[in-house]
Structure formats: structure tokens, C-alpha cells
Protein chains: 2
Amino acid sequence: MTNITFKQLRYFESLARHTHFGRAADACAISQPALSMQIKELEDELGTTLIERGARQIRLTNFGEAFALRVRDILRSVDELGELARASQDGLVGRLRIGIIPTIAPYLLPTIIGKLNHVYKDLDIHVRETLTPKLIQELADGRIDTAIVALPVSEPSFTEVALFEENFMLVRSSKDANKPVPESELLHEMRLLLLEEGHCFRDQALSFCGVPSARPWEGLDGSSLSTLVQMVGVGLGVTLLPEMAVAVETRSASVSVASFKEPQPSRTIGMIWRKTSPLAAQLLRLSELIGQSAIVLRNEHEQASRN
Amino acid sequence: MTNITFKQLRYFESLARHTHFGRAADACAISQPALSMQIKELEDELGTTLIERGARQIRLTNFGEAFALRVRDILRSVDELGELARASQDGLVGRLRIGIIPTIAPYLLPTIIGKLNHVYKDLDIHVRETLTPKLIQELADGRIDTAIVALPVSEPSFTEVALFEENFMLVRSSKDANKPVPESELLHEMRLLLLEEGHCFRDQALSFCGVPSARPWEGLDGSSLSTLVQMVGVGLGVTLLPEMAVAVETRSASVSVASFKEPQPSRTIGMIWRKTSPLAAQLLRLSELIGQSAIVLRNEHEQASRN
DNA sequence: ATTTGTCATAAGCTGTACTTATTCCTGCGA
DNA sequence: TCGCAGGAATAAGTACAGCTTATGACAAAT
């Protein structure tokens with residue numbers, strides 16, 4: 001096993017540069033004997049002579065020359081380690097793996113990825129889009145760094161931060177546009193179209209209608225919000241959409257959108273990460289960034305819908 | 001200034017491999033707290049977290065992963081330093097700069113370079129052919145590693161080792177082939193052709209004739225032994241040749257070669273190097289190699305001349 | 001012969017990096 | 001709900017690596 005130390009290499013490099021023990025030692029801010037001893041030790045460990053000691057002048061041996069070249073490479077690499085660390089000090093660096101649920105992903109992702117790429121240059125973002133339980137598992141396992149889901153998650157090992165509230169909107173056929181908005185209790189008497197089992201948004205909607213999610217549901221299940229809206233458009237029933245999805249999903253369908261009366265149904269979207277994550281500080285800042293983006297996004301949509 | 005130590009990198013690498021402080025410490029043959037402390041110190045020096053400490057399991061941070069990659073590179077490089085040293089232990093390595101005087105070079109070099117290249121693979125040989133005083137200076141200055149010259153040199157800072165003795169042969173016109181070989185004292189009454197000032201062989205020849213080298217000399221000077229032989233061939237006079245040069249130089253000239261009577265004139269060819277040279281051991285072995293080659297060479301020539 | 005430049009050696013001190021023992025935290029099982 | 005156990009951090013003590021200053025050795029220059 002090599003027991004070479006960096007100190008020895010640094011000292012040697014200095015000596016190679018100065019070809020003078022005294023001056024090399026000065027350059028290293030140590031005494032001449034200290035440097036002599038380290039060099040000698042280095043030579044012992046290598047089992048080779050690096051320096052040819054003349055009376056009036058020293059000189060590198062052939063091997064010393066070759067050695068010095070490699071040593072300089074190594075020392076540079078080590079210095080780069082420090083720089084690498086400093087570069088990653090503030091600001092995410094490298095890879096950030098974000099998990100996100102399907103009922104948010106299409107609407108929020110374009111915005112936040114654009115923003116992230118802008119703010120954190122040289123950050124490569126991996127996105128994992130899947131259902132909440134899987135995200136939680138993957139977060140716990142360290143396969144992702146953070147996740148954007150509906151709160152609460154109530155995992156004690158996670159930190160959760162709210163990003164924004166989003167209301168649920170009623171989506172019905174455009175010919176029903178002028179009908180009054182039904183009370184929540186009446187919804188399950190209408191034909192309410194929902195996402196397949198497993199989506200948290202399904203459970204949230206059912207809960208709003210006063211139906212326990214465990215109870216079997218005879219409605220039609222869609223695999224995406226987009227599908228649901230299309231189904232509504234052709235008169236198969238009504239559905240709920242998260243506020244954020246409205247602008248995108250109802251653009252090309254003949255449906256009408258209405259707000260519920262207060263208290264409006266809503267959910268809290270938040271970000272979660274392991275409490276032990278060293279990215280905690282950055283993730284918190286990131287969450288603020290995303291929260292703002294989301295609010296800006298909503299305002300834009302509201303303005304658009306008023307026009 | 002980075003104060004990262006090598007130990008820290010080794011420990012970290014082990015930890016990265018095992019993702020477990022205890023086992024990593026075992027692998028490094030130290031106690032778990034020792035490893036913990038070094039890792040912590042490394043993190044402090046970097047100002048970054050490398051390890052995400054979970055309660056039941058630890059994991060590398062993103063930066064830790066990136067760091068580990070580079071660290072492995074560095075560790076490998078350092079290990080290679082040791083191997084490099086070991087490889088250069090016995091046997092010359094890299095560059096060997098040999099100085100050699102012109103009256104030996106053409107006859108000895110082909111043999112020894114061939115031999116050296118064969119014995120020491122991966123040795124690149126530089127040859128400096130010039131007069132003895134320059135060689136001595138260059139050797140003292142470290143611009144060459146060793147020199148092959150006529151002994152003695154009598155520099156106290158040099159080691160000198162005899163390689164072989166070589167006799168001087170009389171070279172005269174082929175029409176004089178049957179004349180008796182003159183005594184050395186008679187030589188200076190004949191037209192003795194010699195090399196230019198500065199060649200040690202000139203001084204050796206003059207000394208043999210009983211003429212101090214300082215004394216001005218009215219003979220014709222040639223710039224190489226080859227020239228001298230040509231001059232002898234066309235009847236301009238006689239000359240002396242080192243034994244070793246005979247075979248090559250008299251091949252294509254109509255001259256006759258004769259030995260002197262005992263005590264034959266001769267010179268000792270030897271190798272010199274700085275006493276401080278770390279190559280001393282190898283150079284000694286090298287000198288034995290060259291000495292043998294020279295003797296073999298001479299025997300071949302003697303056999304050839306008998307036929 | 002003396003001085004000077006330069007590196008090696010000596011002796012003593014200090015702080016680093018180990019050791020073992022203990023504490024703290026958290027997840028797990030009764 | 002409470003120990004209990006796994007696993008890392010902390011604490012206290014110790015040994016030695018590596019520094020310092022002082023001195024020695026040696027060759028070169030004067």
C-alpha cells in the first residue's frame with residue numbers, strides 16, 4: 001500500500017520547481033529540514049532517488065523529472081476537487097431528480113423546468129412522473145431528490161412545504177354552461193367522470209362529493225385529465241379539473257368551466273424531500289421559486305379566461 | 001489552499017464503496033470514529049456535504065457521487081506513481097545521455113547502442129559526441145549522465161571505471177608493409193599525421209613518440225581518423241590508429257597495419273559519472289556490459305584480420 | 001586555510017489522528 | 001408505548017508524525 005501523502009507531493013513539486021531546498025521550503029512556508037525530511041521519506045517510500053544532491057546544486061534525476069510531471073497532474077486534480085466543491089456551494093449542481101404527480105406535471109413542468117434551467121445553469125434535471133405512493137417510496141430510497149405532490153403526505157422523515165392551493169373547477173358540456181353550479185352533494189347524482197384508481201386527484205374529488213374513496217365507484221375512469229375532458233365534451237358526463245389544468249385541457253373542447261360556490265374544493269400542492277437531504281437549503285429556495293412561478297401562472301390564466 | 005489529505009480521500013473512497021461507516025473503517029483497518037472524523041473534516045474543508053446520513057442507512061449526495069468519481073481517478077494516479085517507481089527500480093528508465101569521444105564513437109557506439117536497446121527496453125539514449133574537456137564540463141553540469149573517454153580523467157567528483165585497453169597500431173602505406181616496425185622514437189622522424197588539437201588521442205600519440213603535447217607540431221592535422229588513413233593511403237605519411245578503429249578505417253584504403261613491439265602503446269578507455277549520480281549502480285552494471293561488448297568486438301576483429 | 005552555501009542530522013515540542021468508551025438518535029419489535 | 005438494537009457522533013486519552021531551532025558535515029569558493 002502506498003503511503004504517499006499530499007504534503008510530500010506538494011513539497012516535492014516545490015523542490016522540483018526551485019531546485020533548492022531552502023527556497024522550496026520557504027515557498028511551502030516550512031523550515032528547510034522539514035522539507036528535507038519529507039522528501040527523504042517520499043524517496044524511501046518510492047524506493048528510488050528523486051533528487052541528485054550535489055554539493056552546490058541539486059538536480060532532479062531522470063525519474064524525478066518523470067515523477068514531477070505526474071505529480072503536477074495529480075496536484076492539479078486535487079485543487080480541482082476544491083473548486084468543484086466551491087462551485088456546488090450555492091446553487092444546485094449536477095443532477096436533480098424531481099418526482100411529480102401526473103395531474104400537475106403537464107401544467108407546471110414546462111414553467112419550472114424553464115425557470116430552473118435559467119436560474120441554475122449546468123443543472124441537469126430528471127423528471128419522474130408517477131403516482132404519489134411510488135414517489136414517496138422512491139424519495140425514501142434516495143432514487144429522487146424531491147417530489148411535487150398533493151399535501152399532506154405525513155411522512156415523518158420528510159419535510160413538506162406548500163407551494164400553492166389550487167381550486168377544483170367543474171367541467172360540463174358547453175350546453176350546460178348557463179345552468180346553476182350544483183352543490184357538491186349533487187355531484188354524485190350526475191355522471192361524474194374520474195381518473196383511474198391510484199390518482200390522488202380521484203380521491204380528492206370523491207372526498208369532495210362526500211364519497212369515501214374505498215367505496216366502489218360506478219363512473220367511467222379515464223387515464224388522464226385530457227381524456228376526461230374529451231369525454232365530457234361528447235356528453236358522457238361531468239368532471240372536475242384542478243384549476244391549473246383548465247387552461248390547457250379545455251382549450252380545444254366544447255365544454256364549459258365553472259367555479260363552485262364557497263367553500264370551494266381545493267387541494268394543496270407542495271414539495272417534499274427527505275429531512276436528511278443535504279439539498280434541504282437549496283430545495284427550500286427552489287420551492288419558493290416554484291411557488292412564485294405557479295402563482296404567476298395562475299394569474300396569467302385568470303386574465304386569459306376573463307378576456 | 002486545499003488541505004485535503006490523501007488519507008481522507010482513501011477513507012472517503014472506502015465509505016463511498018461500502019456506504020457504511022463501520023465496514024468502510026474495517027476495510028481501512030481503522031476504527032469507525034477515526035473514519036467518521038476524517039470524513040467530517042473532509043466535508044468541512046470542502047464546505048460541502050458528501051454523505052447524506054440517514055438513521056438506518058447512509059447515501060452519497062449528488063456532489064458526493066461526482067466527487068467519488070474524481071477521487072478514484074486521483075487515487076489510481078497515485079498508485080501508479082508507486083508502480084512507476086518500482087518499474088524504474090532496476091534497469092535504466094527514461095532517458096540516458098551518454099557522452100563519447102570521437103575516436104571511439106564510430107566503432108563502439110553501434111555495438112553498445114544495439115546492446116543497450118536490447119537489454120534496457122524503453123530506454124531512450126542520447127549520444128553527445130565531442131572532445132573530452134567538453135564532456136567533462138557537461139557531465140559536471142548534469143547535461144549528460146555518463147561519458148566514455150580515455151582514462152585517467154582525475155576529476156575527484158567523478159567515478160571512473162576502466163572498460164578496456166586498446167593498443168595503438170601503426171598505419172603506413174601498403175608499399176611499406178614489409179619494412180620493420182620502427183621504434184617509437186623514430187616515429188617523429190617520419191611524417192606522422194595526427195588529429196587536430198584538442199583530441200586526446202593526438203596527445204596520447206605524441207606522448208608515445210616522446211614529444212610533449214605542448215610543443216608545436218609541424219605535421220599535417222586531420223579532422224578524423226578516417227581522413228588520416230586516406231592521407232596515409234596516398235603516401236602523405238604514417239599515422240597511428242586505435243586498435244578498435246583499424247577494422248573499419250583501413251578496409252577501403254591501400255595501407256598496411258602493424259603492431260608495435262612490446263611495450264605496445266595503448267590507452268585505457270573508461271566510463272565516468274558523477275559520484276553523486278543516482279544512476280551509479282546502473283552505470284556500473286552498464287560499464288561491465290560495455291566492457292564485455294568491447295572485448296567481443298576486438299576478438300571478432302582479430303579473427304577477421306587473421307583470415 | 002577559512003569562509004560560505006547548502007543540505008543532513010539531532011533533539012525537543014506540538015498538534016494531529018488514532019484508540020476505546022460512551023452517548024445519541026431512530027427505526028423496530030414485543 | 002416502551003425498551004432494544006443498529007449505527008453514527010462525541011468524548012477522553014494517547015502515541016507519533018511532523019514541525020521547529022540548533023548543529024553538523026561537506027564541498028566550493030575565496
Side-chain angles (χ1 to χ4, degrees), chain A residues 3-12 14-16 18-45 49-61 64 137 140-142 154-159 274-278, chain B residues 3-12 14-16 18-45 49-61 64 136-137 140-142 155-159 274-278:
Chain A
N3 214 17
I4 299 173
T5 71
F6 275 139
K7 233 183 286 192
Q8 288 165 354
L9 297 189
R10 289 201 189 281
Y11 291 177
F12 170 71
S14 178
L15 183 55
H18 293 96
T19 57
H20 188 285
F21 279 74
R23 285 189 283 278
D26 277 355
C28 296
I30 56 166
S31 66
Q32 170 263 312
L35 188 131
S36 278
M37 289 187 298
Q38 289 301 320
I39 297 296
K40 189 207 256 240
E41 183 135 333
L42 179 58
E43 288 180 326
D44 284 353
E45 269 157 5
T49 319
L50 291 168
I51 305 288
E52 184 182 334
R53 283 122 169 122
R56 209 76 183 171
Q57 188 194 344
I58 65 167
R59 161 169 42 244
L60 290 181
T61 63
Q137 188 57 54
D141 291 346
S154 302
E155 285 280 336
S157 61
F158 292 169
T159 299
R274 294 181 300 278
K275 281 181 175 156
T276 55
S277 171
Chain B
N3 214 18
I4 298 172
T5 71
F6 214 37
K7 238 184 281 191
Q8 288 167 354
L9 297 189
R10 289 207 184 279
Y11 291 177
F12 170 71
S14 178
L15 182 55
H18 294 95
T19 57
H20 188 285
F21 279 74
R23 283 190 285 278
D26 277 354
C28 296
I30 56 168
S31 66
Q32 169 263 312
L35 188 129
S36 278
M37 291 187 297
Q38 289 301 319
I39 296 295
K40 187 204 257 237
E41 182 135 336
L42 179 58
E43 289 180 326
D44 284 353
E45 270 157 6
T49 320
L50 291 167
I51 306 290
E52 183 181 335
R53 285 126 170 115
R56 212 75 181 172
Q57 188 193 346
I58 65 168
R59 161 168 43 243
L60 290 181
T61 62
I136 289 175
Q137 187 59 52
D141 291 347
E155 284 280 336
S157 61
F158 292 169
T159 299
R274 293 182 300 277
K275 280 180 175 158
T276 56
S277 171

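Note on naming: letters A, B, ... go to the chains in the order of the sequence lines (proteins, then strands), and numbering restarts at 1 for each one.
The separation between B:Leu42 atom CG and C:dA17 atom P is 12 Å, rounded to whole Å. For B:Ile30 and C:dT16, the CD1 to C1' distance is 14 Å, given to the nearest whole Å. Distance, B:Asp26 CG to C:dT20 P: 11 Å, rounded to whole Å. D:dG18 atom C1' lies 16 Å from atom CG of A:Leu9, rounded to whole Å. In this structure, CZ of B:Phe158 is placed 15 Å from P of D:dA27, rounded to the nearest angstrom. A straight line from OH of A:Tyr11 to C1' of D:dA17 spans 12 Å, rounded to a whole angstrom. As rounded to whole Å, 18 Å separates atom P of C:dT16 from atom CD1 of B:Ile39. If you take CG of B:Leu35 and P of C:dT20, they are 15 Å apart, rounded to a whole angstrom.
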Discussion item. For nucleotides 4-11 of chain C, give me one character per nucleotide, 5' to 3': B if any protein heavy atom sits under 4.0 Å from the base, S if the only such contacts are to the sugar-phosphate, - if neither.
Written reply: BBSBBB--
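Residue B:Lys7 places at least one side-chain N or O closer than 4.0 Å to OP1 or OP2 of C:dC18. OP1 and OP2 of C:dC18 both lie 4.0 Å or more from every side-chain N or O belonging to B:Ser31. Put simply, B:Gln38 has a side-chain N or O that comes within less than 4.0 Å of OP1 or OP2 on C:dC18.
Under the 3.5 Å distance criterion, the side-chain polar atoms of A:Ser14 are left unmatched by any main-chain donor or acceptor of A:Cys28. In this structure a side-chain-to-backbone donor-acceptor pair under 3.5 Å is present from B:Glu43 to B:Ile51.
Among the heavy atoms of the strands, none lies under 4.0 Å from A:Gln8.
Heavy-atom minimum distance, A:Ala140 versus B:Arg59: O-NH2, 3.6 Å.
Atom CG of B:Asp26 sits about 9.5 Å away from atom OG of B:Ser31, to the nearest 0.5 Å.
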Worksheet item: Where do B:Gln8 and B:Phe12 land on the side-chain contact (heavy atoms from CB on, under 4.5 Å) test, with the steps shown first?
Response: CA-CA 6 Å; B:Gln8 288 167 354; B:Phe12 170 71; over 6 Å; no
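Environment of NZ in B:Lys275: crowded, with over 12 heavy atoms of neighbouring residues, nucleotides or ligands closer than 6.0 Å.
Between A:Tyr11 and A:Leu42, every side-chain heavy-atom pair lies at or beyond the 4.5 Å cut-off.
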